[in-house]
Amino acid sequence: MKNRIIGLHLSVLLIFLFPLTVAAETINLSFAFQDSETSHGYTQALAPWAKDVEEATGGRLKITVYPSQTLTKGKDAWNAVKSGIADIAWCFHGYWPGMTPLADVISLPALPFSSAEQGSTALWKLYEKFPDIRKEFTENKVLLLYTSDPYVLITTNKWVKSIEDIKGLKLRMTGGPPTKMVNALGGVPMLIPMPDNYISMQKGVIDGMGAPWEAMHAFKLYEVANYFTEVPFPSVYFSISMNKKRWDSLPKDIQDAVMKVSGLRGAKFWGHNFFDTAKDVVIKDIKDSGKKFNLYSLTEKERGRWLEIGGKPIWNNWVKDMNKKGHKNAQEILDAAITFSK
């Protein structure tokens with residue numbers, strides 16, 4: 001009888017201990033990232049966010065980052081998440097023109113935001129407000145969305161100070177509204193993956209490109225660019241997206257903890273840390289290299305010309321295109337984007 005009682009006590013003890021062991025198990029997630037682990041975006045945004053996720057989940061979730069396209073190419077990131085090759089990935093939606101056309105509203109030129117944090121806030125609010133925008137991303141679980149700062153025009157041999165200077169130049173831009181803007185201004189848009197632009201500029205395949213300050217640092221574009229012009233170029237946007245089955249497999253409390261540091265908070269964090277902090281870094285890079293920093297900002301009059309030719313017409317055409325495709329709330333979405341961007 002005594003042995004049976006002892007055995008019963010041990011069984012009860014194991015019943016209580018076993019759930020604790022399961023609960024304490026660490027869940028490992030892979031994260032595919034295009035840039036290197038020494039890049040500004042990695043050190044200032046990705047790594048701190050991954051640490052925030054780990055701390056928010058009490059160490060129960062750990063993210064292992066695969067930088068420099070070692071798990072998947074940047075242009076394949078969305079499908080890599082969808083198929084389960086990567087649990088999470090940094091997805092640059094400029095690689096896939098037409099995939100998320102309503103979200104493209106945030107890439108229209110000259111929206112009234114001047115920082116990535118502002119743009120990211122606007123984009124996440126649009127995602128939350130409009131079911132039609134959320135529907136565009138349903139293949140994967142979107143943890144957060146964020147934007148770049150408005151692009152700067154960088155060139156190799158010709159300093160662009162007016163619309164006339166841009167005519168005929170082969171310029172790398174992303175798909176959608178940014179490409180249409182370059183066309184309207186008289187340039188020749190080129191769709192080239194970001195990692196290939198250094199050599200493309202170096203060999204004269206392109207005359208220049210639109211780029212955020214972060215990319216100039218991450219890909220050392222300042223080494224091949226000699227001129228920098230602040231123009232009313234669009235910004236671009238990104239998602240941090242996760243495989244849906246993998247997300248659904250997570251306990252609810254872990255999902256909630258992840259979203260506490262993602263969503264709007266994560267959008268602001270990634271926008272600010274990934275992009276807004278990068279301009280001073282590039283200026284230092286250029287000075288350290290011994291090169292002269294040639295920066296020009298368009299006059300208000302010239303900016304007005306660019307807006308009238310390559311800005312507002314793109315807005316109107318975007319609304320018309322969306323209406324033709326059955327998106328009758330396109331004007332409402334554009335109006336909301338303008339409001340949220342202020």
Side-chain angles (χ1 to χ4, degrees), residues 31-54 56 63 65-69 71 74-75 77-78 81 86 88-95 100 103 106-107 111 113-127 137 142-152 154 174 178 193-195 197 209-222 228 230 233-242 258-259 261-285 340-341:
F31 190 120
F33 190 56
Q34 176 177 277
D35 301 351
S36 74
E37 59 187 340
T38 59
S39 68
H40 186 80
Y42 185 104
T43 60
Q44 301 304 308
L46 195 165
W49 176 79
K51 183 178 179 182
D52 285 347
V53 169
E54 207 167 313
I63 294 175
V65 181
Y66 292 82
S68 303
Q69 305 189 104
L71 186 58
K75 63 183 178 62
W78 183 262
V81 171
I88 310 173
W90 175 89
C91 299
F92 172 44
H93 289 266
Y95 281 147
T100 49
I106 206 67
S107 290
L111 289 176
F113 64 85
S114 57
S115 72
E117 183 173 349
Q118 287 177 297
S120 302
T121 298
L123 179 56
W124 186 258
K125 287 183 177 180
L126 289 169
Y127 178 81
F137 295 88
V142 173
L143 302 181
L144 63 96
L145 297 164
Y146 75 107
T147 75
S148 71
D149 48 324
Y151 272 24
V152 176
I154 61 175
T174 54
M194 185 61 80
N197 284 297
M209 62 185 293
W213 294 106
E214 182 278 331
M216 297 181 214
H217 171 71
F219 296 95
K220 298 187 176 182
L221 298 171
Y222 61 87
F228 303 76
E230 293 181 327
F233 266 177
S235 61
V236 292
Y237 64 97
F238 312 78
S239 69
I240 303 302
S241 294
M242 183 172 177
V258 171
M259 291 310 297
V261 296
S262 302
L264 179 59
R265 174 180 167 179
K268 291 181 176 181
F269 180 86
W270 275 77
H272 177 75
N273 287 278
F274 202 106
F275 288 108
D276 292 337
T277 58
K279 182 176 180 179
D280 289 342
V281 177
V282 175
I283 293 174
K284 184 178 185 300
D285 288 336
F340 292 153
S341 295

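In this chain, residues are counted from 1 in sequence order. All values below were derived from every heavy atom in this structure, side-chain atoms included, with hydrogens, water molecules and symmetry-related copies excluded.
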Angle class for the Trp49/Trp270 ring planes (parallel below 30°, perpendicular above 60°, tilted otherwise)?
perpendicular
Taking the side chain from Ser239 and the backbone from Val142, do they hold a donor-acceptor pair closer than 3.5 Å?
no
Short side-chain to backbone donor-acceptor contact, Ser341 and Leu111, under 3.5 Å
no
What distance do Trp213 atom CH2 and Leu221 atom CG have between them, rounded to the nearest 0.5 Å?
11.5 Å
Can a donor-acceptor pair be found, under 3.5 Å and without considering hydrogens, that links the side chain of Ser120 to the backbone of Thr147?
yes
Out of the candidates Phe269, Tyr237, Phe274, only one should pair with Tyr146 under the ring-ring contact (aromatic ring centres under 6.0 Å, His included) rule; please name it.
Phe274
Got a donor-acceptor contact below 3.5 angstrom from the Asp276 side chain to the Glu117 backbone?
yes
Step through it carefully: locate the ring centre of Phe238, locate the ring centre of Phe275, and say whether they are under 6.0 Å apart.
yes
Could you walk me through whether Tyr66 and Phe33 pass the side chain to side chain contact (heavy atoms under 4.5 Å, CB included) test, one step at a time?
CA-CA 6 Å; Tyr66 292 82; Phe33 190 56; over 6 Å; no
Would the distance check show the side chain of Glu37 and the main-chain N or O of Pro67 forming a donor-acceptor pair, the cut-off being under 3.5 Å?
no
Give a yes or no answer on whether the side chain of Asp149 reaches the backbone of Ala116 with a donor-acceptor pair at less than 3.5 Å.
no
Indicate the atoms forming the closest heavy-atom contact of Tyr222 with Met216, along with that distance.
CD2-O, 3.3 Å
Can you give me the closest heavy-atom contact between Ser68 and Ser36, atom names plus distance?
OG-CA, 3.2 Å
Using the rule side-chain hydrogen bond (donor to acceptor under 3.5 Å, both in side chains), only one of His40, Gln44, His272 pairs with Thr277; which is it?
His40
For the side chain of Thr43 and the backbone of Ser39, is there at least one donor-acceptor N/O pair under 3.5 Å apart?
yes
In terms of relative ring orientation, are Phe92 and Tyr95 parallel, tilted or perpendicular, with 30° and 60° separating the classes?
perpendicular
